[in-house]
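Structure first, then comments.
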Amino acid sequence: MFYKISKELNIFAAPLIVNNLFSVVIATIMSSIIGNISPEAIVSAGIIDGLMYTLLGVLGVGTLSFNIYASRVRESNPTEFKDYFKSILILNGCIGLVFVVIIFVGAHFLLENIYLFSGNQLFTGSLYAQIVSLKVFFNMLIFAMSNQIKVNKKTNEILKIGVITSIFQVVISLFLVTNIFNEEYKILGVGIAATLSMLLSVISYVFILRKDIRILKNIRSSKKKFLFIKSMPLFGQELLEGSVMEVLLTVFLNRLGIIYASYLVCVNIINISLTPMFMYCNAIVVLVGERLVSKQKKELELIPRVSILFIISIYFFSSVIIYTFRHFVLSFFTNDMTVLLSAESILLFAIVVSMARPFFEVYKYCLQSFGNEKQVLMITFLVNLCVLLVMSTLNYFGMLNIHNALLIVASNYLILYYLFKRLYLFNIGKLCIN
């Protein structure tokens, strides 16, 4: 049973891990291209792409509801499975179009009044935002289609598309930047290339899923409201874990100056080591959903344990390599010697406390696969509230430093892990009794 689950998890996750690592390389190349245009281009692209990334992170998590519920009926009810697919395609497409319009209309106002852009930077920044706004629509369609492929366990196709479209983006960017656009307008070439690569991805997914899409003509899409409602707690969970916690840490730790900057550099590196975690969590959703239908208690208990074993093993070995060559690795993220030396001094501590996160994430996804999205959100909110009170108290008395702040965050993850695990095992027991 251990071998069977290990094989399924790795067949599913491995192509996604390789694709993500390849994306990191491509993102580094794209940053280099933008970095050679102008300081204004770096700022414009950084702000706009950062906002897009955050927006897509929140909107994209809603597609997880498709994975959760479609995986349960993939084999037992093919018609309902197709209904789910058509519903998520339409729902994501509509959400994507709404936000394209919002970005297209509001980009100029946002950049001028919130980020204080002016003159030519405001003009090119607004154009860049309008061009890349189409990525929201394309990405929402890609979320739906890539998750259809994930549920069907054909993640190799996602890797192929990722490699082809990423290379296409770099080639087109270089061509437009060097041959078509001049001076600060070169950033528009980067935006056009990014949008065209997303369009190519959509076309590729449509081609691969052409048979699945063709048969949707006579299938009704009755699950849109259901998926949207089920996505609400997932949106809240993403905001709570991402935006809210990051803002709180920024408020509390920003006063530490160089130490906080060093922590942010360490986070960039640690996130690379944690990347496989999310790929295994994607696999968990599908595997738990399938075992849930057939009430396979032993396998339901084993899936999170095996997942944690693989995630921690990969994290440990990648962290050993990173720490061994820490000066070389950290210098990629900062050339400020003060920040660099400070980051080296706290890197090991940050690596150790960050090991708590996979335990929480794995059981969170397991519970969400059971349909416990609301309970997960409520428990997370209450525990995070306690963490906020502890941090506020320490901050008030001037006792909050980087070490106890990270220990508190790690404790937050471990408490949630314990509560989520207990609830998950309780759900398995109740499922098997019924």
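Since this is a predicted model, take the numbers as computed values, not measurements.
- Defined by atom type and a distance below 3.5 Å, a donor-acceptor pair is present between the side-chain atoms of Asp49 and Tyr128.
- At a threshold of 4.5 Å between non-hydrogen side-chain atoms, the residues Ile192 and Ile180 do not count as touching.
- Residues Met337 and Leu341 have side chains in contact (heavy-atom distance under 4.5 Å, counting atoms from C-beta outward).
- With a 4.5 Å cut-off on side-chain heavy atoms, Ile321 and Phe325 count as touching.
- For the pair Gln169 (side chain) and Ser197 (backbone), a donor-acceptor distance under 3.5 Å is absent.
- Nearest approach of Val409 to Met391, heavy atoms of both residues: CG2-CE, 3.7 Å.
- With a 6.0 Å radius and a threshold of 12 heavy atoms from other residues, nucleotides or ligands, Phe123 has its CZ atom at or below the threshold.
- Within the 4.5 Å cutoff, the side chain of Pro276 has no heavy atoms near those of the Ile311 side chain.
- The line from CD1 of Ile213 to CZ of Phe207 is 11.5 Å long, rounded to the nearest 0.5 Å.
- Using a 4.5 Å cut-off on side-chain heavy atoms (C-beta onward), Leu21 and Ile17 make contact.
- Here Met378 contributes atom CE and Asn372 contributes atom CG; the two are 13.0 Å apart, rounded to the nearest 0.5 Å.
- Residues Thr380 and Gln237 bring a donor and an acceptor atom of their side chains to less than 3.5 Å of each other.
- For Lys186 and Phe181, the positive end is not near the middle of the six-membered ring at less than 6.0 Å and at most 45° from its axis.
- Side chains of Asp83 and Ser87: a donor-acceptor N/O pair is present below 3.5 angstrom, by distance only.
- Smallest separation of non-hydrogen atoms from Val286 and Lys150: CG2-O, 4.0 Å.
- A salt bridge is absent between Lys154 and Glu157; no separation between the charged side-chain nitrogens and carboxylate oxygens falls under 4.0 Å.
- In this structure a side-chain-to-backbone donor-acceptor pair under 3.5 Å is present from Asn147 to Phe143.
- Note: Cys366 SG to Glu361 CD = 11.5 Å, rounded to the nearest 0.5 Å.
- Pairing each heavy atom of Arg326 with each of Leu347, the nearest pair is CB-CD2, 3.7 Å.
- You'll find the side chain of Lys135 stays beyond 4.5 Å of the side chain of Val100, heavy atoms only.
- More than 12 non-hydrogen atoms from other residues, nucleotides or ligands lie less than 6.0 angstrom from CZ of Phe278.
- Distance check, rounded to the nearest 0.5 Å: CG of Leu200 to CG of Leu196 gives 9.0 Å.
- Closest approach of Leu176 and Ala193 over heavy atoms only: CD1-N, 4.2 Å.
- For Thr155 against Ile11, the heavy-atom pair with the smallest separation is OG1-O, 3.5 Å.
- Under the 4.5 Å side-chain criterion, counting only non-hydrogen atoms from C-beta, Ile284 is not in contact with Pro304.
- For the 3.5 Å distance criterion, the side chains of Ser221 and Lys224 qualify, holding a donor opposite an acceptor.
- Put simply, the side chain of Ser342 never gets that close to the backbone of Thr338: no donor and acceptor are under 3.5 Å apart.
- Put simply, the side chain of Tyr280 does not reach to within 4.5 Å of the side chain of Val362, judged on heavy atoms.
- With no hydrogens or angles considered, a side-chain donor-acceptor pair links Ser318 and Ser273 at under 3.5 Å.
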Residues Phe226, Tyr69; criterion ring pair (Phe, Tyr, Trp, His ring centres under 6.0 Å); working and verdict: CA-CA 10 Å; Phe226 172 80; Tyr69 295 99; 5.0 Å; yes

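- Separation of atoms CD1 (Ile314) and OG (Ser319) is listed at 11.0 Å; rounding is to 0.5 Å.
- With respect to Glu8 and Arg291, a salt bridge is recorded, a charged nitrogen being found less than 4.0 Å from a carboxylate O.
- The ring of Phe359 has its center no closer than 6.0 angstrom to the ring center of Phe420.
- Screening Tyr365, Tyr424, Tyr413 against Phe360 for a ring pair (Phe, Tyr, Trp, His ring centres under 6.0 Å) leaves a single residue, Tyr413.
- Shown here for Gly162 and Asn19, the closest heavy-atom pair between the two residues is CA-OD1, 3.3 Å.
- For the residue pair Ser65 / Ser231, a side-chain donor-acceptor distance below 3.5 Å is found, with atom types taken as modelled.
- By the 30° and 60° cut-offs, the orientation of the rings of Phe85 relative to Phe66 is tilted.
- Phe22 CZ: more than 12 foreign heavy atoms inside a 6.0 Å radius.
- Taken from CG in Leu56 to CG in Asn139, the straight-line distance is 4.5 Å, to the nearest 0.5 Å.
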